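A quick note: this is a predicted structure, and the numbers were derived from the prediction, not measured.
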Amino acid sequence: MLLLRSSALADTHAIAATIALLSRPGDIVVLSGEMGAGKTAFAQGFGRALGVIEPITSPTYTLVHSYDVPKSGPLGRVTLHHADLYRLDRTSEVADLALDELSEFDGIVLIEWGDVVETTFGDHLVVHLEHLDYHDDDAADGAGDSDGDGDGDVGDDARLIEIAGVGPTWAARWARITSGVEEFRC
């Protein structure tokens with residue numbers, strides 16, 4: 001497991017880009033965290049790194065947005081599927097979305113609120129985001145002091161990001177992930 005600190009939206013996008021560039025068709029990435037934690041912002045950085053040029057928005061009401069990645073993108077032609085399970089009440093509703101199948105045909109699937117059904121997926125990466133505020137230990141000792149006044153205040157875009165791989169496909173890439181996000185490690 002990696003514990004990372006993002007001090008700004010640009011950091012969250014950079015972390016997402018690192019994961020995106022190490023992803024490959026068939027991957028599932030589960031995004032978890034409270035409302036406003038930065039799941040959609042992570043998805044935006046992920047998609048941009050792959051070459052998605054259209055706006056990436058939360059699929060809360062449509063459940064899944066799919067974005068074609070141009071053949072000239074870093075992974076070649078793939079489809080990025082961005083799902084949001086927030087509004088679903090039953091596991092059977094999640095099964096109806098066929099998220100595993102979306103990943104099978106040159107697809108990469110990002111799933112917001114996917115932690116509620118995470119055990120139904122095989123190999124996957126879990127990205128948990130938390131808003132960092134002055135109550136957190138790092139902020140209390142001044143490490144999160146965004147304005148230099150010693151009060152531990154952090155910016156609105158500061159996040160703790162925890163990354164964990166499940167299964168051998170992510171274990172094989174773990175050293176490259178760790179190296180790629182080294183500057184953000186806590």
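- Residues satisfying the salt bridge (Lys or Arg N to Asp or Glu O under 4.0 Å) test with Glu162, not counting sequence neighbours, are none.
- When each of Thr79, Val78, Val69 is checked for a side chain to side chain contact (heavy atoms under 4.5 Å, CB included) with Pro25, only Val78 meets the rule.
- With sequence neighbours left out, Thr57 forms a side chain to side chain contact (heavy atoms under 4.5 Å, CB included) with His65, Tyr67.
- Taking 4.5 Å as the limit, every side-chain heavy atom of Val64 sits out of range of all side-chain heavy atoms of Pro59.
- Contacts of Arg176 classified as side-chain hydrogen bond (donor to acceptor under 3.5 Å, both in side chains), with partners at least two apart in sequence or in another chain: none.
- The side-chain heavy atoms of Leu132 and Arg159, taken from C-beta on, include no pair separated by under 4.5 Å.
- Dense packing is recorded around CG of Leu3, with more than 12 heavy atoms of other residues, nucleotides or ligands lying under 6.0 Å away.
- Within the structure, side chain to side chain donor-acceptor pair (under 3.5 Å) pairs that include any residue of residues 34-43 comprise Thr40-Glu112 (at least two apart or interchain).
- Remark: Trp113 engages Tyr86 in a ring-ring contact (aromatic ring centres under 6.0 Å, His included) (not counting sequence neighbours).
- Listed by first and then second residue, the salt bridge (Lys or Arg N to Asp or Glu O under 4.0 Å) pairs that reach into residues 49-75 come to none, sequence neighbours excluded.
- Linking Ile, Leu, Val, Met, Phe, Trp and Tyr whenever their side-chain heavy atoms come within less than 4.5 Å puts Leu2 and Leu110 in one cluster.
- With sequence neighbours excluded, the residues that form a side-chain hydrogen bond (donor to acceptor under 3.5 Å, both in side chains) with Thr169 are Asp123.
- Panel note: side chain Gln44, backbone Ile56; a donor-acceptor pair is recorded below 3.5 Å.
- In this structure, Glu182 CD and Leu4 CG are separated by 9.5 Å, a value rounded to the nearest 0.5 Å.
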Identify each donor-acceptor pair in which a side-chain atom of residues 10-23 lies under 3.5 Å from a protein atom, sequence neighbours left out, and give them as a table.
{"residue": "Asp11", "atom": "OD2", "partner": "Ser7", "partner atom": "N", "Å": "2.9"}
{"residue": "Thr12", "atom": "OG1", "partner": "Ser6", "partner atom": "OG", "Å": "2.7"}
{"residue": "His13", "atom": "ND1", "partner": "Arg48", "partner atom": "NH1", "Å": "3.2"}
{"residue": "His13", "atom": "NE2", "partner": "Ala41", "partner atom": "O", "Å": "3.2"}
{"residue": "Thr18", "atom": "OG1", "partner": "Ala14", "partner atom": "O", "Å": "3.2"}
{"residue": "Ser23", "atom": "OG", "partner": "Ile19", "partner atom": "O", "Å": "2.8"}

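- Interatomic distance, CG of Leu63 versus NE2 of His81, reported as 14.5 Å (0.5 Å rounding).
- Interatomic distance, CG of Leu125 versus CD1 of Ile28, reported as 11.0 Å (0.5 Å rounding).
- Residues forming a side-chain hydrogen bond (donor to acceptor under 3.5 Å, both in side chains) with Asp115 (at least two apart in sequence, or on another chain): none.
- Residue Phe42 holds its CZ atom at 10.5 Å from NE2 of His82, rounded to the nearest 0.5 Å.
- Of the residues Ile111, Val109, Val127, Val126, the one that meets the side chain to side chain contact (heavy atoms under 4.5 Å, CB included) test with Val29 is Val127.
- Cluster membership check: Leu129 does not share its hydrophobic cluster with Met1, using side-chain heavy-atom separations under 4.5 Å among Ile, Leu, Val, Met, Phe, Trp and Tyr.
- In the hydrophobic clustering of ILVMFWY residues, with side-chain heavy atoms under 4.5 Å counting as a link, Phe46 and Leu9 come out apart.
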